[in-house]
Amino acid sequence: MIRERHLNALVLGALLALPLWGFWAEAPFMITLATRAAILALAAVGLNLALGLGGLVSLGHAAFFGVGGYAAGILALHAQSFTPMMTWPITIQGTTSMPLIWLVAVVASALAALGIGALSLRTSGVYFIMITLAFGQMLYYFAVALPAYGGEDGVSIYVRNAFPGLNTLRPLPFFAICYVLLGLALLLSWRISVSPFGLALSAARQSEARVRTVGIEPYRLRLVAFVISGAITGLAGALFADLNRFVSPAMLSWHLSGEFIVLVVLGGVGRLLGPVVGAGLFVFLEHWLGGVSDHWMIFLGAALLLVVLFARGGLIGGLTAGSRS
Amino acid sequence: MSLLSVEDICVAYGPSQALFGVSIEVGPGEVMALMGRNGMGKTTTIRAICRLIGLSGGAVRFDGRDMASWPAHRVARAGVGLVPEGRRCFAPLTVEENLIAAARPGEWTLPRTVALFPRLGERLGQRAASLSGGEQQMLAIARALMTNPRLLILDEATEGLAPVVRQEIWAALRRLKEETGVAILVVDKSLRELATIADRAVVIERGSTVWSGSIRDLTGEVSERYLGV
């Protein structure tokens with residue numbers, strides 16, 4: 001058995017080594033796969049804050065992913081077509097600068113999470129799952145009904161957005177951007193989990209009444225966690241839009257919300273690197289089994305079943321059983 | 001002026017009424033014993049004070065402010081620290097994490113609580129679920145102290161513990177009384193131990209206050225009639 005700290009280092013090392021090897025072996029699709037895994041992992045790191053630490057099973061996290069994605073798509077569309085986004089009361093132009101797009105994506109998805117969370121967190125359990133799903137679907141149909149931004153056909157980003165000093169059109173620098181952002185999100189997630197805020201959130205997951213009697217209101221804790229969670233997932237959405245150079249309502253679909261939960265459960269709910277392991281396995285299965293059969297999801301389902309039945313704490317929990325870092 | 005004043009409160013669980021008029025006054029720095037046989041409403045009284053259950057009559061004032069409409073966490077923030085019956089720590093968290101999660105600024109800090117309960121200091125990194133019953137009880141008290149309360153409420157803090165551990169807990173409570181100005185409302189079955197720490201006592205019987213006064217005046221007749229000892 002291996003210590004969780006060592007396993008974490010191994011996982012992050014592997015995610016870095018794969019694209020470097022792809023670069024050296026002139027296999028750029030390896031870099032793209034690793035980038036995809038890093039971005040899905042980032043989205044799941046966001047979800048893991050709500051799901052793992054807060055115990056909030058959100059079936060609407062694709063909403064934040066999509067909001068982030070549309071923020072990137074819409075800003076880039078206006079910049080590329082040289083049309084202002086709005087002219088009244090102030091003129092707002094589009095942009096192709098990644099840092100600016102990220103800022104807009106994070107703020108927009110945080111606001112969405114604030115609104116959705118403020119209402120959803122009044123419920124709990126199955127009702128919370130259903131109400132987050134309902135909000136996700138509302139945003140999905142809103143995007144479908146947006147003719148200005150392609151409706152069901154979505155928005156294309158002709159040239160990947162730019163980051164000062166890096167050529168983002170090349171796969172490796174773009175991977176590096178995603179990897180660094182994933183690392184920062186993991187750092188933030190770890191800091192939160194050991195902070196008094198994170199500990200209180202964990203405690204509230206176990207017993208609401210007990211945290212109330214020490215003077216903490218669970219609702220506010222959870223709302224803050226939900227907003228941070230949505231913002232991180234929104235950032236991942238902006239990167240995903242740039243990876244595919246395309247945004248469509250599919251980014252808001254409830255299938256994707258479900259997949260995020262699968263990623264977290266596969267890797268290990270509440271484990272720091274659970275989302276990374278889950279996303280890595282997901283992209284691996286999708287690529288290799290996708291080549292074998294169109295119905296590769298059957299194998300993903302089987303893997304999920306095995307993990308849920310036999311590995312408490314997901315793959316990380318199974319591999320580190322009996323040792324604590 | 002009293003710190004906590006419970007005035008003639010009534011509480012009902014659905015259609016069945018549990019409290020029919022309980023009154024308790026606890027002054028600043030005072031140690032008050034709340035006594036009564038099993039099922040007489042001691043825990044219900046405490047739950048009503050902490051706003052974990054609603055009142056159907058009477059009032060609970062803390063520091064002169066009526067707490068009737070407050071949510072439970074506001075009561076705790078105002079300075080009421082509860083050590084609930086049956087310990088109830090945050091099981092998946094470690095000892096240190098339990099304490100940090102509850103901490104609010106004030107004189108009680110991690111080093112100071114650990115100094116009061118050295119056993120916890122030896123087990124800071126251990127999960128609360130893996131502690132012995134006595135250690136969990138100490139952790140529950142320490143956690144309540146970390147919220148820097150002005151009134152500490154202990155519900156059956158020594159129930160089901162080994163005599164040695166009970167002595168340790170009583171000793172810690174006596175130190176609390178001597179060294180700090182915290183008021184304590186304590187529910188316990190051991191009259192002998194209560195007599196060494198409490199200033200006054202309230203006895204409740206079938207949901208109403210039937211006796212209150214200095215614990216020294218608690219005569220054999222009263223304790224035999226209401227407490228069965």
Side-chain angles (χ1 to χ4, degrees), chain A residues 3-5 48-56 118 121-122 124 189-225 268-272 274 312-314 316-317 320-325, chain B residues 46-47 49-53 70-106 108 110 125-130 136 139-155:
Chain A
R3 279 178 171 274
E4 188 166 337
R5 213 179 329 157
N48 200 25
L49 264 178
L51 178 63
L53 209 56
L56 306 168
L121 287 168
R122 291 167 190 276
S124 61
S189 165
W190 172 73
R191 289 292 312 173
I192 289 176
S193 73
V194 297
S195 70
F197 165 74
L199 294 172
L201 191 62
S202 248
R205 187 185 67 220
Q206 201 217 343
S207 166
E208 262 190 49
R210 284 176 214 180
V211 299
R212 283 220 176 89
T213 61
V214 296
I216 300 165
E217 192 194 11
Y219 177 82
R220 265 171 60 193
L221 278 183
R222 289 179 178 149
L223 186 57
V224 172
V269 177
R271 305 289 178 139
L272 183 61
R312 264 193 79 200
I316 293 197
T320 58
S323 74
R324 250 170 76 76
S325 56
Chain B
I46 285 174
R47 288 174 59 85
I49 294 170
C50 295
R51 295 280 309 140
L52 294 168
I53 185 167
W70 292 11
H73 67 91
R74 199 168 153 205
V75 174
R77 288 198 160 239
V80 178
L82 173 66
V83 181
E85 192 178 12
R87 309 189 259 280
R88 299 176 207 257
C89 304
F90 301 124
L93 302 188
T94 65
V95 170
E96 188 176 8
E97 288 170 347
N98 262 274
L99 297 177
I100 292 174
R104 269 207 306 284
W108 286 100
L110 192 63
Q126 203 172 318
R127 279 181 190 240
S130 67
Q136 286 188 24
L139 178 56
I141 298 172
R143 187 183 64 190
L145 287 174
M146 289 292 282
T147 69
N148 280 289
R150 288 154 66 204
L151 171 68
L152 186 66
I153 302 182
L154 298 141
D155 193 358

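Note: hydrogens, waters and symmetry copies are ignored here, and every other heavy atom, side chains too, is used. The sequence lines fix the lettering, A, B, ..., with proteins before strands; numbering per chain opens at 1. Here the structure is a predicted model, which is why all the values come from computation and not from measurement.
- Here the closest non-hydrogen pair linking A76(B) and T213(A) is CB-O, 3.4 Å.
- Proximity to chain A (any heavy atom under 4.5 Å) is restricted, for L52(B), to the side chain, taken from C-beta onward.
- T94(B) OG1 to L199(A) CG: the interatomic distance, rounded to the nearest 0.5 Å, is 7.5 Å.
- Between chain B and the residues R210(A), R205(A), E217(A), the most heavy-atom pairs under 4.5 angstrom are made by R210(A).
- With chain A as the partner, the residue from R77(B), H73(B), M146(B), R88(B) showing the most heavy-atom pairs under 4.5 Å is H73(B).
- R104(B) contributes a side-chain N or O that, together with a main-chain N or O of V214(A), makes up a donor-acceptor pair within less than 3.5 Å.
- Minimum interatomic distance between Q206(A) and F90(B) (heavy atoms only, all atoms of both residues): OE1-CA, 3.0 Å.
- Neither the backbone nor the side chain of V194(A) comes within contact range of chain B; no heavy atom of the residue lies under 4.5 Å from a heavy atom of that chain.
- Heavy atoms of A91(B) lying under 4.5 Å from chain A belong to its backbone as well as its side chain.
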